[in-house]
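Remember, it's a predicted structure, so these values are computed and weren't measured experimentally.
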Amino acid sequence: MAIERGALSTRLMPDGWGFKGRIGLVYLHSSVVMENEMWAMAAPGVSVHTSRIRIGKINVRDIGAMVESPEFETSVRLVAEAPVDVVLFGGTSASFLHGNAWDEDTTKRMQSWSGGTPALTTATACVRALETLGIGKVALATPYVEEVHERCSSWLAANGHPVTNGRYLSISEDQALAEVPLADIYDLCKSVDTPDADAIFISCTNFRSIALIRALEEDLGKPVVSAIQASMWGALKVMGVAGARPGYGRLMADVEADMPLEVPATEFTR
């Protein structure tokens, strides 16, 4: 018996197909947090596609070497050919390491390799996110070693976001960043808050955050911006897509999708 295609479309289940937009993520080879957090925030119709780049320790020397390596260009070129709608470099410290000029140069190089696909770094996305929310001073929570944490603090201040208070966990092994329990991250974020901080900023794209953002915003009464959340927001803004699931913080309000979102009928009516 023939199946009516139009009727069939109403019974399809979401399969992760990026019919609204595809994000190409360049990500550290040993990191495991950012992809799943982006998929968790992604509404049906937004997909994430990853290219990997090798990293050593999470310190200034090894981070810099990663960004300067030929492998970085290869990773950008490969994921851009998927094809995708934006290429996102998911490395917070890697994009703020030597300040705004370093971030701008990184973006320009990515743009030259991407074949015309828009390029975005996590650092750029974070600055845009804080500006969009009207944030001035921030309290800073990171898992970094001291030298990377201090560079993060300097980068934030240089972009108009002085750090009122900050704490770091002194972790240099990339895989160890991902293993910090959520309860410890929650306590870290609460411990850095000060009355004069307009927001909490959580840095690092291999450090869990999005599960806590709603609870932290409710408990602290102020916005909470994380590097992964801001990266997702930034990529959606570049694509011009409302493609985030509700519930992931004040920042995401202008990119939230109307839920539920069904598989488009055009899949079976073309």
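Between the side chains of Arg151 and Ser93, not a single donor N or O lies within less than 3.5 Å of an accepting N or O. Checked by atom type, the side-chain pair Thr106/Ser95 shows no donor-acceptor distance below 3.5 Å. No hydrogens or angles considered: a donor-acceptor pair under 3.5 Å links the side chains of Thr124 and Asp103. Between the side chains of His49 and Ser47, at least one donor N or O sits under 3.5 Å from an acceptor N or O. Side-chain contact, Asp193 with Asn165: no donor N or O sits under 3.5 Å from an acceptor N or O.
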When the side chains of residues 247-256 are checked against the rest of the protein, which donor-acceptor pairs come out under 3.5 Å, sequence neighbours left out?
unit_1	atom_1	unit_2	atom_2	d
Asp254	OD1	Trp233	NE1	3.1
Asp254	OD2	Lys237	NZ	3.0

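For the pair Met110 and Val76, the tightest heavy-atom approach, listed with the atom from each and the gap, is O-CG1, 3.8 Å.
The stretch residues 87-129 participates, sequence neighbours left out, in these ring-ring contact (aromatic ring centres under 6.0 Å, His included) pairs: Phe72-Phe89, Phe72-Trp113, Phe96-Trp155, His98-Trp102.
His149 and Tyr144 have their aromatic ring centers separated by at least 6.0 angstrom.
Residues Arg52 and Glu35 are paired through a salt bridge, judged by an N-O separation under 4.0 Å between the basic side chain and the carboxylate.
Here the side chain of Asp174 pairs no donor or acceptor atom with the backbone of Leu28 at under 3.5 angstrom.
Considering only residues two or more places apart in sequence or on other chains, Val163 meets the side chain to side chain contact (heavy atoms under 4.5 Å, CB included) condition with Val138, Leu140, Ser153, Leu156.
The side-chain heavy atoms of Val225 and Leu130, taken from C-beta on, include a pair separated by under 4.5 Å.
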